[in-house]
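Sequence lines set the chain letters: A, B, ... in the order given, protein chains first and strands last, and positions in each chain run from 1. The structure displayed is predicted, hence computed values, not measured ones.
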2 protein chains.
Amino acid sequence: MNYEALLHEHTLKATPQRLGILSLMHTNGHISIDELFEQIKKQFHSISLATLYKNINAMSETALITEVKIPNMKSKYEIAKERHAHLLCDKCGEFKDISLDIDKLIRLTEAKSKYKLNDTSLIFSGLCEKCK
Amino acid sequence: MNYEALLHEHTLKATPQRLGILSLMHTNGHISIDELFEQIKKQFHSISLATLYKNINAMSETALITEVKIPNMKSKYEIAKERHAHLLCDKCGEFKDISLDIDKLIRLTEAKSKYKLNDTSLIFSGLCEKCK
DNA sequence: TTACTAAAGGATAATAATTATCCTTTAAGA
DNA sequence: TCTTAAAGGATAATTATTATCCTTTAGTAA
């Protein structure tokens, strides 16, 4: 993926730190601030935690990345993508995407509620195939 | 509702402060820490913020209340109840429960994922009937 | 290329949010 | 009543996040 272009599309400068952050987010899938700081320091020995926060905020505000709030644990961040739900294993902590017909779910809920819906946050938790 | 008994069932003492918190949670439906502190102070002039946090934690740990994490805003707390989803109006901020066949959704997702699921966090956002 | 400038980085102070501590008070049961 | 573990209040400590200020650099244009 060309993160330099992606940053530019979101009117953000493509700095080495940001490319590093996006790369880590990509390889990890979902990552918390703490994990991110831990890992990014390996590449950028003197990176400031403030820089990390500023970048997370800048990229969130421009919707390049998304914060995923999870019950009973710290938020994780992911590169923005098409609508999807998440699966969490309460035992091993595996956290991953699952695609699901969210449009249908939205249509159903709109009918029931009279709301005009445009987004969802949907997290399932339980035990993964290995842990169950 | 008999909150005194409810607290006892969760092995917690039924203090006036806790009864006040639960009462506010009930009348508000969902309430943030800040709103709660704001309101509870009217009844308990000298209540400490630490007491509020301690009680929120104690009642969360015993699953008497539930924290609802919402994208882009502060958490709200509600008295625990049967599985349900939430609707958020991005314009006026209305936040309410909606009942939905979550069991069915879980069964569907289990089939697709091989997970054994037992819980969900599901929030829809958009515009309410008035705001749309 | 070089030069310019707004944006971004780093260090650190400030603020906000949450938790811990310590001592006093009280709910609940004997 | 009496006893005591649990809870409350005040406040300190810790953690998380944001703001500030000065330096560096990415991006653009001469």
(request) Determine whether A:I31 and A:L49 fall in the same hydrophobic cluster, where Ile, Leu, Val, Met, Phe, Trp and Tyr are linked whenever their side-chain heavy atoms lie under 4.5 Å apart. (result) yes
How many Å lie between [atom1] on [X] and [atom2] on [N], as a whole number?
X: A:L12; N: C:dA6; atom1: CG; atom2: P; value: 17 Å
X: A:E4; N: D:dT25; atom1: CD; atom2: P; value: 17 Å
X: B:F37; N: C:dT19; atom1: CZ; atom2: P; value: 15 Å
X: A:H10; N: D:dG27; atom1: NE2; atom2: P; value: 16 Å
X: B:I40; N: D:dA7; atom1: CD1; atom2: P; value: 16 Å
X: A:K13; N: C:dT5; atom1: NZ; atom2: P; value: 13 Å
X: B:L6; N: C:dA27; atom1: CG; atom2: P; value: 18 Å

Closest non-hydrogen atom pair, [X] against [Y]:
X: A:P71; Y: A:I123; answer: CD-CD1, 4.1 Å
X: A:K69; Y: B:M73; answer: NZ-O, 2.6 Å
X: A:C89; Y: A:C92; answer: SG-N, 3.4 Å
X: B:L88; Y: B:G93; answer: CD1-O, 4.0 Å

(request) Have a look at B:R83 and tell me which of B:D103, B:D97, B:D101 forms a salt bridge (charged side-chain N to carboxylate O under 4.0 Å, His left out) with it. (result)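 Output: one option passes, namely B:D103.
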(message) Under 4.0 Å, heavy atoms only, any strand: does B:A58 hit a base, just the sugar-phosphate, or nothing?
(response) nothing
(request) Would you mind reading off the bend of the helix from C:dT1-D:dA30 to C:dA30-D:dT1 from its two end axes, five pairs each, to 10 degrees? (result)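 Inter-axis angle at the termini of the helix from C:dT1-D:dA30 to C:dA30-D:dT1: 40°.
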(message) Please encode protein proximity along nucleotides 8-19 of chain D as a string of B, S and -, counting only heavy-atom distances under 4.0 Å.
(response) BBBB----SBBB
(request) Inspect the surroundings of NZ in B:K132 and state if more than 12 heavy atoms from other residues, nucleotides or ligands are less than 6.0 Å away. (result)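 Yes.
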(request) Check side-chain contact (heavy atoms from CB on, under 4.5 Å) between B:K112 and all other residues, then give those that pass, not counting sequence neighbours. (result)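 Residues passing side-chain contact (heavy atoms from CB on, under 4.5 Å) with B:K112: A:I98.
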(message) Which label fits A:F95 and A:H86: parallel for a plane angle under 30°, tilted from 30 to 60°, or perpendicular past 60°?
(response)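 A:F95 vs A:H86 ring planes: parallel.
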